[in-house]
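Following: one structure in structure tokens, then a few remarks.
Just so it is clear, the structure is predicted and the values come from calculations on it, not from any experiment. Basis for what follows: all heavy atoms, side chains included, without hydrogens, waters or symmetry-related copies.
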Amino acid sequence: MDSFVEAQNSLESMSDGGCATLFETWQSHTVRFSFISVVMKSLGLKPIEAQNARRSSAWVSYLRQPWSVLAINDSLAIERRGGRGGGGPPMPVRPVDRGQRPWNKGLLIGQKKPLEPKHVWSIRVRPEIARSRRDLAIFNLAIDSKLRACDLVKLRLDDICSGTNVRHRATIVQKKTGRPVQFEITEQSRGSVEAWLPRLRATGTRYLFPSRPHASPHISTRQYARLVHRWVESIGLESSSYGTHSMRRTKAAQIYRKTGNLRAVQLLLGHTKLESTVRYLGIEVDDALNIAEQIEL
């Protein structure tokens with residue numbers, strides 16, 4: 001109990017000035033006791049001493065004192081042990097800044113909308129007019145391949161080309177799942193890639209979309225995301241509602257609307273579970289009923 005009294009005195013002395021607020025209310029014994037354990041460990045108390053302190057009525061009465069804010073000096077680094085048994089390396093916990101602005105405040109968080117066919121044609125004509133062969137190849141392949149951004153930017157010439165010809169179908173291994181996925185390359189996409197190949201072969205790069213800075217061999221996912229937002233804004237759409245996953249979802253959503261075949265969409269997207277495809281497409285009860293109404297027996 002001497003160690004507990006020392007801990008109590010230390011907390012009282014540290015709460016007077018230069019303190020950072022960690023908790024404002026104590027509504028349940030569970031929260032109190034879990035915080036007590038953290039404080040006791042940070043003060044160097046042994047587990048048995050911390051346990052005795054939790055059971056002590058003096059500690060409970062200490063928490064019930066009239067202040068509403070319990071503060072700890074910034075110089076006191078509270079450490080949280082990793083793993084269920086607490087045997088992992090210590091990890092420092094930063095004090096909570098109550099005045100910090102939430103990262104998602106004012107942003108539209110959630111699934112990004114797929115592009116409609118009219119949007120696809122409106123975007124596609126702009127790189128053609130500007131004679132931007134690279135952007136046109138990226139856009140067409142993004143629609144056809146239905147790949148994630150991390151896989152699309154890393155496409156190599158060997159992935160889609162056989163010698164000087166572009167394949168009708170290609171297979172890559174997904175970075176996220178480690179599983180292979182196959183996708184088709186339509187005639188329009190093959191034409192745009194073939195128009196982009198001469199410039200690639202002149203540079204000697206292995207990647208289909210090389211980066212201009214020499215630090216990276218291919219464009220980054222962030223650069224690809226900026227391209228997508230630029231395309232969306234060019235046709236008057238709200239860029240916050242669309243993203244790189246809009247490109248991935250566009251053709252998959254059209255296939256599902258026309259066929260209702262979830263298994264086919266699952267294979268094309270490379271999902272391991274059908275439930276993931278259902279969530280990804282945003283299928284609701286109304287969609288299922290619309291499909292059922294189209295079938296008459």
Side-chain angles (χ1 to χ4, degrees), residues 108 110-128 135-152 155 159-160 166-174 176-177 179-194 224-225 227-229 231-297:
L108 184 61
Q111 284 188 338
K112 301 302 182 181
K113 297 179 180 179
L115 296 173
E116 298 295 333
K118 60 180 180 180
H119 299 152
V120 174
W121 287 103
S122 298
I123 293 176
R124 182 177 285 148
V125 73
R126 281 164 171 77
E128 291 178 349
D135 291 359
L136 183 60
I138 293 176
F139 180 80
N140 287 336
L141 271 181
I143 296 294
D144 277 351
S145 66
K146 303 167 287 293
L147 293 176
R148 298 179 180 90
C150 59
D151 295 323
L152 180 68
L155 282 177
D159 293 332
I160 66 171
V166 180
R167 300 181 185 138
H168 290 69
R169 294 181 181 178
T171 303
I172 67 161
V173 177
Q174 301 174 95
K176 181 178 180 180
T177 63
R179 296 166 61 91
V181 63
Q182 193 173 13
F183 58 91
E184 76 285 356
I185 304 176
T186 61
E187 182 179 356
Q188 194 163 22
S189 296
R190 291 197 304 272
S192 60
V193 172
E194 288 173 355
Y224 171 53
L227 281 174
V228 173
H229 287 297
W231 294 334
V232 170
E233 291 174 352
S234 67
I235 61 173
L237 297 178
E238 181 62 37
S239 62
S240 61
S241 301
Y242 299 86
T244 57
H245 272 281
S246 299
M247 309 296 293
R248 175 168 159 81
R249 294 180 62 194
T250 294
K251 198 167 187 178
Q254 291 298 319
I255 293 172
Y256 173 72
R257 290 175 186 174
K258 293 182 178 180
T259 65
N261 192 335
L262 275 176
R263 175 59 179 168
V265 177
Q266 178 192 3
L267 293 174
L268 293 172
L269 292 176
H271 288 161
T272 56
K273 296 181 180 179
L274 192 62
E275 292 81 2
S276 302
T277 307
V278 173
R279 290 195 303 268
Y280 194 77
L281 294 178
I283 299 174
E284 303 292 345
V285 177
D286 292 340
D287 299 324
L289 291 175
N290 290 334
I291 294 175
E293 289 173 353
Q294 296 175 5
I295 300 177
E296 296 182 0
L297 299 176

From [atom1] ([X]) to [atom2] ([Y]), nearest 0.5 Å:
X    : Y    : atom1 : atom2 : value
L147 : I172 : CG    : CD1   : 4.0 Å
Y242 : K113 : OH    : NZ    : 5.0 Å
M247 : L141 : CE    : CG    : 10.0 Å
L269 : T177 : CG    : OG1   : 11.5 Å
I160 : R169 : CD1   : CZ    : 16.0 Å
H119 : L237 : NE2   : CG    : 4.5 Å

Between [X] and [Y], which heavy-atom pair has the shortest distance, and what is it?
X    : Y    : result
S145 : L152 : OG-CD1, 4.0 Å
Q266 : L274 : OE1-CD1, 3.4 Å
V181 : Q174 : CG1-CG, 3.6 Å
T277 : V265 : CG2-CG1, 3.8 Å
D135 : W231 : O-CZ2, 3.7 Å
I123 : P127 : O-CD, 2.8 Å

Please check if the side chain of [X] supplies one atom and the backbone of [Y] the other of a donor-acceptor pair under 3.5 Å.
X    : Y    : value
S189 : N140 : yes
R249 : Y280 : yes
Q111 : H245 : no
H229 : S239 : yes
T250 : P114 : no
R248 : K146 : yes
R190 : H168 : no

Inset, instruction - Take R126 and I235 through the side-chain contact (heavy atoms from CB on, under 4.5 Å) test and state the conclusion after the steps. - result: CA-CA 9 Å; R126 281 164 171 77; I235 61 173; 3.6 Å; yes
Is the closest side-chain heavy-atom distance between [X] and [Y] below 4.5 Å?
X    : Y    : answer
T171 : Q182 : yes
I185 : V193 : no
Q254 : P117 : yes
K251 : F183 : no
L262 : L281 : yes

Inset, instruction - State whether E116 and R257 are salt-bridged, where the test is any N-O pair (Lys NZ or Arg NE/NH1/NH2 against Asp/Glu carboxylate O) under 4.0 Å. - result: yes
Inset, instruction - Begin with the C-alpha distance, continue with both residues' side-chain angles, and end with the deciding distance and a verdict on side-chain hydrogen bond (donor to acceptor under 3.5 Å, both in side chains) for S240 and E238. - result: CA-CA 6 Å; S240 61; E238 181 62 37; 3.3 Å; yes
